[in-house]
Amino acid sequence: MSTTTHVSRRTVLQGGAAGLAALALGALTPEQARATVEDGARAGVFGFGVASGDPTATSLLLWTRVTPVPGAVPGSGTGPGSRVDWEVAADAGFRRVVRRGTARTDASRDHTVKVVADGLTPYTRYWYRFRTRGATSPVGRTQTSPDEPGRTHALRLAFVSCSNYTGGYFTAYRGIAARDDLDAVLHLGDYLYEYGNAEDRYGPDSLAGTRDHQPPTEMVTLADYRLRHALYKTDPDLQAAHRQHPWITIFDDHEVTNDTYATGAENHQPQEGDFFVRRAAAYQAYLEWMPIREPGWQPAPHRGTQFFRRFSFGDLADLSVVETRQNRSQQVPTTVGGQVNPALADPARHLPEPEQLRWLTDGIRRSRKPWHLVGNQTVFARLFAVPRAGVVGGQVFNADQWDGYQADQATLLQAMAAGSTHPVVLTGDIHSSWANDLPLAPDAVGYLARRSSVGVEFVCPSVTSDGFKESLGGSAAAAVAATTAFQTTNPWIRYLEGIGHGFAVVDVTRERVQTDFWFIRSGGDKGLAVDPRTDPAAVVGFESAWQSVQGSRQVSGPVGQLGPRSDRPRGA
């Protein structure tokens, strides 16, 4: 069936204002979210919310940030230490507390708190909270992984990327928070952006003065990164999504600065100081402010700091989350002297370090489960530039993607072909929605290339960052023309939509993997005439769904929207 690239009428998410109001209990109001981080600190001891992450069968990571005194603003390095009590319960009223403990925090870690609650029951919903200085945090809801030997449970994840605060309201997160059918949220990078509010501002002009970054300049120092993380955590929709679901997160480039590589970045200038000092500050703030376990939690050979890790979902699937910025070789031009740059295929150039790539390929080759999911930052499928006058034939579109590191790309494709598991790559970064076959020989075209597919890739839209439409002057027609041309040039792209912003939901059964794309849209009579990113009353709606049937290693569809889960976690 042919793919569609037009803007369709969207089915509005059920539930309405009442459900969203219930989700907002304990969060900051929109007015507070638009204020400065200082106002967030004044909102209370737990003004930056709670979060959970990295779920396993028997343990969960729990997170919060305390403000011990009003002056202990994020990034200030001030404020007394705190003793923080935490509890995990089997019910929302905390009548059945199953785990409790105490943690300490102080200014050395920006007053953030991270604890691991273990000894829990697999595939079970829990509630958690923190207490300190006479205050009690909002109650968070979370659940352990559906990882029980000999039992096949439902598996459904939301996956998102590219959430720029100055780019719009986080309606997509509100839509995720409203769902009761997710096991976890997978964030694939660009959770925040480094830009300031002046000439480097990124996002709709209409939001200047309403959705502004703090600090107002590009973040470079540890204090800057801490303050920026804190700003994002004041957003009520992001707080709600963290409060309702466990998250699995990994960074891309903007958590440090644009187009980072092992020794520098496109957006790092000499006057901004030592790049390694800047990167270390960014990593420290990320680890302080995100619900991610400490590096090396699952030790494996690596270079630098290990952030990649693997999650098990019973006998159904594994999820390998890769990290592709810390050790990558510097990006190179796609052409040299009017010809395709031979450096793109140089085996000495790497995206992940060789040790991580070996960990990933070994995991895929050795797996005997039906599916192996890969959480990945940049587009993995080959993407050739659309032919036009002055463009050399066979030129790849973007050398910052896996296409810029073709030896590593080929190694992973070969591992996919050799394994018995069905690989499914889940990707962010490109601010548009895709469903791709993964041909083993991507230089081929047409039907033969599709027949050689060794896996599939689903790419989620951005939460707010500019997509094809914004990049092409705001023209929907130009965006449709561009996506159609990309599909014609790259026939393994089975679905491509470059207008919508939102999130994707991937559902896994033994028989198939399906991805539903959900887009934000303006409510009432505004319709598509208004950029929905700028509408605080926007809603989310179903757009399209695509799947891969076990054994096919290809994308098929479109198909109907996902229905209810086949089972639910204990306590749900």
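Under the 3.5 Å distance criterion, the side-chain polar atoms of E497 are matched with a main-chain donor or acceptor of I499. Counting only distance, with no hydrogens or angles, the side chain of T484 and the backbone of V480 share a donor-acceptor pair below 3.5 Å. In terms of modelled atom types and a separation under 3.5 Å, the side chain of E457 and the main chain of A381 share a donor-acceptor contact. The backbone N or O of E87 lies less than 3.5 Å from no partner atom in the side chain of R131, so there is not a single donor-acceptor pair. Side chain of S548 to backbone of Q554: a donor-acceptor contact under 3.5 angstrom is found. Counting only distance, with no hydrogens or angles, the side chain of R553 and the backbone of P423 share no donor-acceptor pair below 3.5 Å. A donor-acceptor pair is defined here as one N or O able to donate and one able to accept, closer than 3.5 Å; such a pair exists between the side chain of R211 and the backbone of Y165. At least one donor-acceptor pair closer than 3.5 Å links the side chain of D91 to the backbone N or O of G93. Checked by atom type and distance alone, the side chain of T421 never pairs as donor or acceptor with a backbone atom of G419 at under 3.5 Å. In this structure, D235 contributes its side chain and L238 its backbone to a donor-acceptor pair below 3.5 Å.
The one candidate from L61, T142, L62 that meets the side-chain contact (heavy atoms from CB on, under 4.5 Å) condition with P291 is L61. When each of W434, F159, F503, Y495 is checked for a ring-ring contact (aromatic ring centres under 6.0 Å, His included) with F517, only Y495 meets the rule. Under the side-chain hydrogen bond (donor to acceptor under 3.5 Å, both in side chains) test applied with R533, the options T464, D466, T171 reduce to a single match, D466.
Annotation: cation-pi geometry not satisfied between R228 and W289 (NZ/CZ under 6.0 angstrom from ring centroid, within 45° of ring axis).
Using a cut-off of 4.0 Å between Lys/Arg side-chain N and Asp/Glu carboxylate O, R568 and D181 are scored as not salt-bridged. The pair K469-D531 does not count as a salt bridge, with every side-chain nitrogen at least 4.0 angstrom from each carboxylate oxygen. Using a 4.0 Å cut-off between charged side-chain N and carboxylate O, E255 and R325 make no salt bridge. In summary, D516 and R156 do not engage in a salt bridge, as defined by a charged side-chain N under 4.0 Å from a carboxylate O.
Rounding to the nearest 0.5 Å gives a distance of 10.0 Å between NE2 of H242 and CD1 of I176. Within the model, atoms OG of S453 and CG of N436 stand 9.5 Å from one another, a figure rounded to the nearest 0.5 Å. From S452, atom OG reaches atom CG of L440 across 6.0 Å, with rounding to the nearest 0.5 Å. To the nearest 0.5 Å, atom OH of residue Y128 and atom CZ of residue R243 are 9.0 Å apart. Rounding to the nearest 0.5 Å gives a distance of 3.5 Å between CZ of R293 and OG of S59. Note that CH2 of W247 is 9.5 Å distant from NE2 of H245, once rounded to the nearest 0.5 Å.
Annotation: side chain of D535 is not in contact with side chain of I520 (no heavy-atom distance under 4.5 Å). Between P55 and T144 there is no side-chain heavy-atom pair separated by less than 4.5 Å. D429 is not listed as a side-chain neighbour of L188, based on a closest heavy-atom distance of 4.5 Å or more. Between L316 and K369 there is no side-chain heavy-atom pair separated by less than 4.5 Å. Contact annotation: the side chain of P352 never approaches that of W359 to less than 4.5 Å [non-hydrogen atoms, C-beta and beyond]. Between D85 and R100 there is no side-chain heavy-atom pair separated by less than 4.5 Å. Between Y193 and T166, every side-chain heavy-atom pair lies at or beyond the 4.5 Å cut-off. Looking only at side-chain heavy atoms (C-beta outward), V508 and F313 stay at 4.5 Å or farther from each other.
Ring planes of F486 and F468: perpendicular class, angle over 60° (limits at 30 and 60°).
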Exercise for the section: In sequence, state the C-alpha distance, the side-chain angles, and the governing distance for L157 and D183, and then conclude on side-chain contact (heavy atoms from CB on, under 4.5 Å). Expected result: CA-CA 6 Å; L157 310 172; D183 293 296; 4.2 Å; yes
Problem - salt bridge (charged side-chain N to carboxylate O under 4.0 Å, His left out) between D318 and R366, intermediate numbers included - result: CA-CA 11 Å; D318 287 326; R366 295 173 181 174; over 6 Å; no
Exercise for the section: Before giving the answer on side-chain contact (heavy atoms from CB on, under 4.5 Å), spell out for L412 and M416 the whole-Å C-alpha distance, their side-chain angles and the decisive distance to 0.1 Å. Expected result: CA-CA 6 Å; L412 184 50; M416 292 177 173; 4.0 Å; yes
Practice task
List the steps, then state whether side-chain contact (heavy atoms from CB on, under 4.5 Å) holds for Y126 with T124.
Solution key: CA-CA 6 Å; Y126 292 100; T124 300; 3.6 Å; yes
Handout entry: Derivation of the side-chain contact (heavy atoms from CB on, under 4.5 Å) call for W63 and K233
Key = CA-CA 12 Å; W63 176 93; K233 288 293 197 300; 4.0 Å; yes
Practice task
Just do the side chain to side chain donor-acceptor pair (under 3.5 Å) check on D252 and Q377 with the steps written out, would you?
Solution key: CA-CA 6 Å; D252 190 21; Q377 290 73 49; 5.9 Å; no
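Counting non-hydrogen atoms of neighbouring residues, nucleotides and ligands closer than 6.0 angstrom, the CZ atom of R510 exceeds 12 such neighbours.
For the pair R99 and D118, the tightest heavy-atom approach, listed with the atom from each and the gap, is NE-O, 2.9 Å. Across I248 and A184, no two heavy atoms sit closer than the pair CD1-CB, 4.5 Å. Closest approach of P461 and W518 over heavy atoms only: CG-O, 4.4 Å. Contact detail for G428 and C460: the closest heavy-atom pair is CA-SG, 4.0 Å. Contact between A154 and D567 at its shortest, heavy atoms only, is N-OD1, 2.9 Å. The heavy-atom pair separating P532 from S522 by the smallest distance is CA-OG, 3.3 Å.
Listed by chain and residue number, R365 satisfy the side chain to side chain contact (heavy atoms under 4.5 Å, CB included) test with A418 (two or more places apart in sequence, or in another chain). Every residue meeting the side chain to side chain contact (heavy atoms under 4.5 Å, CB included) condition with D147, not counting sequence neighbours, appears here in chain and number order: A57, S145, S312. By the side chain to side chain contact (heavy atoms under 4.5 Å, CB included) test, Q306 pairs with A300, H302, F308, sequence neighbours left out.
A donor-acceptor contact closer than 3.5 angstrom is absent between the side chains of T112 and R65. Side-chain atoms of D190 and S161 include no donor-acceptor pair closer than 3.5 Å. Donor-acceptor pairing under 3.5 Å is lacking for the side chains of Y232 and S163. Counted by atom type alone, Q409 and R382 present one or more donor-acceptor pairs between their side chains at under 3.5 Å. Counted by atom type alone, T427 and N376 present one or more donor-acceptor pairs between their side chains at under 3.5 Å.
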